[in-house]
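See below for the structure under consideration.
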Amino acid sequence: MLQIAFIRENQEKVIKALAKRNIDVTKTVREVVFIDENRRATQLEMDNILSETNKLSKDIGDLMKSGEKSKAEILKEKVHSLKEKSKVLSEKTDAYAKELLDKLYSLPNLPADLVPEGKTPEENLNIFEEGEIPVLHGNALPHWDLIKKYDIVDFELGTKITAPGFPVYKGKGAKLQRALIAYFLDKNTDAGYTEYQVPHLVNEASAYGTGQLPDKEGQMYHDAKDDLYLIPTAEVPVTNIFRDVILQENELPVLATGYTPCFRREAGSWGAHVRGLNRLHQFDKVEIVRIEHPEKSYEALEGMVEHVKNILQELKLPYRILRLCGGDMGFASAMTYDFEVFSTAQDRWLEISSVSNFETFQSNRLKLRFKGKDGKMNLAHTLNGSALALPRVLAGILENYQTPEGIIIPEVLRKYTGFDIIN
């Protein structure tokens, strides 16, 4: 959430910056400032009434002590009238505050200066590419055929148990999935991230805290009876560990990682590009989260990018890194790098990770602050990234490592799987 003081003092800058996302927020920004002015004016009137009430209460006490009861009664009537007026003003202030918060929740984060102009994914900036695309044998198959051939993932069984988009991993497929999770977590903890096991359901405050609500309400599974949401990513519960927390400056940075299943309705998704493991309603992901000093968050972002690069280098998968344009960035992000692995059998790039800096957008919602050496309170910067999302990594391994004899397991995973080929 953008800070109201910043909007009030930088209206044109906010409007211009969000134009990079291809949205015109002129009307909303003007409304935000107008509502805030009314709220502050009403609050000032309330404060003046409180001050006057306190003074009159003291005068009443003095009059009662001096025996001037009739004069005290007149002042009591005035105090009663002021309290009634204050009650009305308090209700107006609450209404203004709610209206203001709703407007602020509707505004996305400001893109960083380095974010390129653009409206569509085709306008994202390709900044790095590495790894040789393997030449497959003549009978190479896409992963949705490979999983049937080797009986390692069962979509029909998942549909029977739940619904389409909820696969069942079997045998060596389940072991490979578990191996990837363990490998990712080990890489993250070796890099200094503290591992957390977190709930897979969160309350409304948590979903608002990281920006999933109200922006992605239609994409989240919601239990209406208990008013809880199935998490779309571990970012939500892991980051909310630090909601309403005040850190000391010397406690920064905070590094956290966690594995969770993720649940997304993915409403409106269809077509060949979402076939097989390409897009699911339930999938596994290992996440990294950082809480940083504002002066060091972009250095940390580059460090996270290097960390994910190292994982993909060890998996020996061909990949590229994109800096997302304004029109393709997530609602809460100030800058995002997407990692994509090349699927040789599908002849296309598959997104496997997003690494983002949210600056103070999430921390303002979370009230996540740190106390500086000067004693002042500051909003921290939050960052997160997938390290990694499993379905498309698995699809990339199955397709790029396939041979006529079977699917070779990447060397770095063999100590986790206990086998070196699926055949």
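Nothing here was measured: the structure is a model prediction, and the numbers come from that model.
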Holding to salt bridge (charged side-chain N to carboxylate O under 4.0 Å, His left out), I want the full list of residues that pass it with [X], two or more places apart in sequence or in another chain.
{"X": "Asp151", "answer": "Lys170"}
{"X": "Glu359", "answer": "none"}
{"X": "Asp102", "answer": "Lys98"}
{"X": "Arg40", "answer": "Asp36"}

- prompt: Between Tyr319 and Phe128, what is the ring plane arrangement, given parallel below 30°, perpendicular above 60°, and tilted in between?
  reply: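 Geometry flag for Phe128 against Tyr319: tilted rings.
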Could you note down all residue pairs passing salt bridge (Lys or Arg N to Asp or Glu O under 4.0 Å) where [range] supplies at least one of them, sequence neighbours left out?
{"range": "residues 217-241", "result": "none"}
{"range": "residues 370-384", "result": "none"}
{"range": "residues 296-313", "result": "Glu306-Lys309"}
{"range": "residues 173-199", "result": "Lys187-Glu314"}

message: Taking the ring centre of each residue, are Tyr259 and Phe184 less than 6.0 Å apart?
response: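 Judged by ring-centre distance (under 6.0 Å), Tyr259 and Phe184 do not meet the cut-off.
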Are side-chain heavy atoms of [X] and [Y] found at a separation under 4.5 Å?
{"X": "Pro134", "Y": "Pro318", "value": "yes"}
{"X": "Lys103", "Y": "Leu107", "value": "no"}
{"X": "Leu324", "Y": "Val115", "value": "no"}
{"X": "Arg369", "Y": "Leu247", "value": "no"}
{"X": "Glu287", "Y": "Val238", "value": "no"}
{"X": "Trp144", "Y": "Gln346", "value": "yes"}

Sequence neighbours left out, what passes ring-ring contact (aromatic ring centres under 6.0 Å, His included) with [X]? Give chain and number order.
{"X": "Tyr196", "result": "none"}
{"X": "Tyr337", "result": "none"}
{"X": "Tyr169", "result": "none"}

- prompt: Is there any ring-ring contact (aromatic ring centres under 6.0 Å, His included) pair reaching into residues 341-373, and which pairs are they, with sequence neighbours excluded?
  reply: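 Those involving residues 341-373 are His293-Phe370, Phe331-Phe361, Phe342-Trp349.
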Is any NZ, NE, NH1 or NH2 atom of the basic residue among [X] and [Y] found under 4.0 Å from an Asp or Glu carboxylate oxygen of the other?
{"X": "Glu31", "Y": "Lys27", "value": "yes"}
{"X": "Arg323", "Y": "Glu123", "value": "no"}
{"X": "Glu411", "Y": "Lys316", "value": "no"}

[X] atom [atom1], over 12 foreign heavy atoms within 6.0 Å:
{"X": "His137", "atom1": "NE2", "result": "yes"}
{"X": "Phe34", "atom1": "CZ", "result": "no"}
{"X": "Gln248", "atom1": "CD", "result": "yes"}
{"X": "Lys216", "atom1": "NZ", "result": "yes"}

- prompt: Can you name the one residue among Ser353, Ser386, Ser356, Ser354 that meets side chain to side chain donor-acceptor pair (under 3.5 Å) with Asp338?
  reply: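 Only match with Asp338 under side chain to side chain donor-acceptor pair (under 3.5 Å): Ser354.
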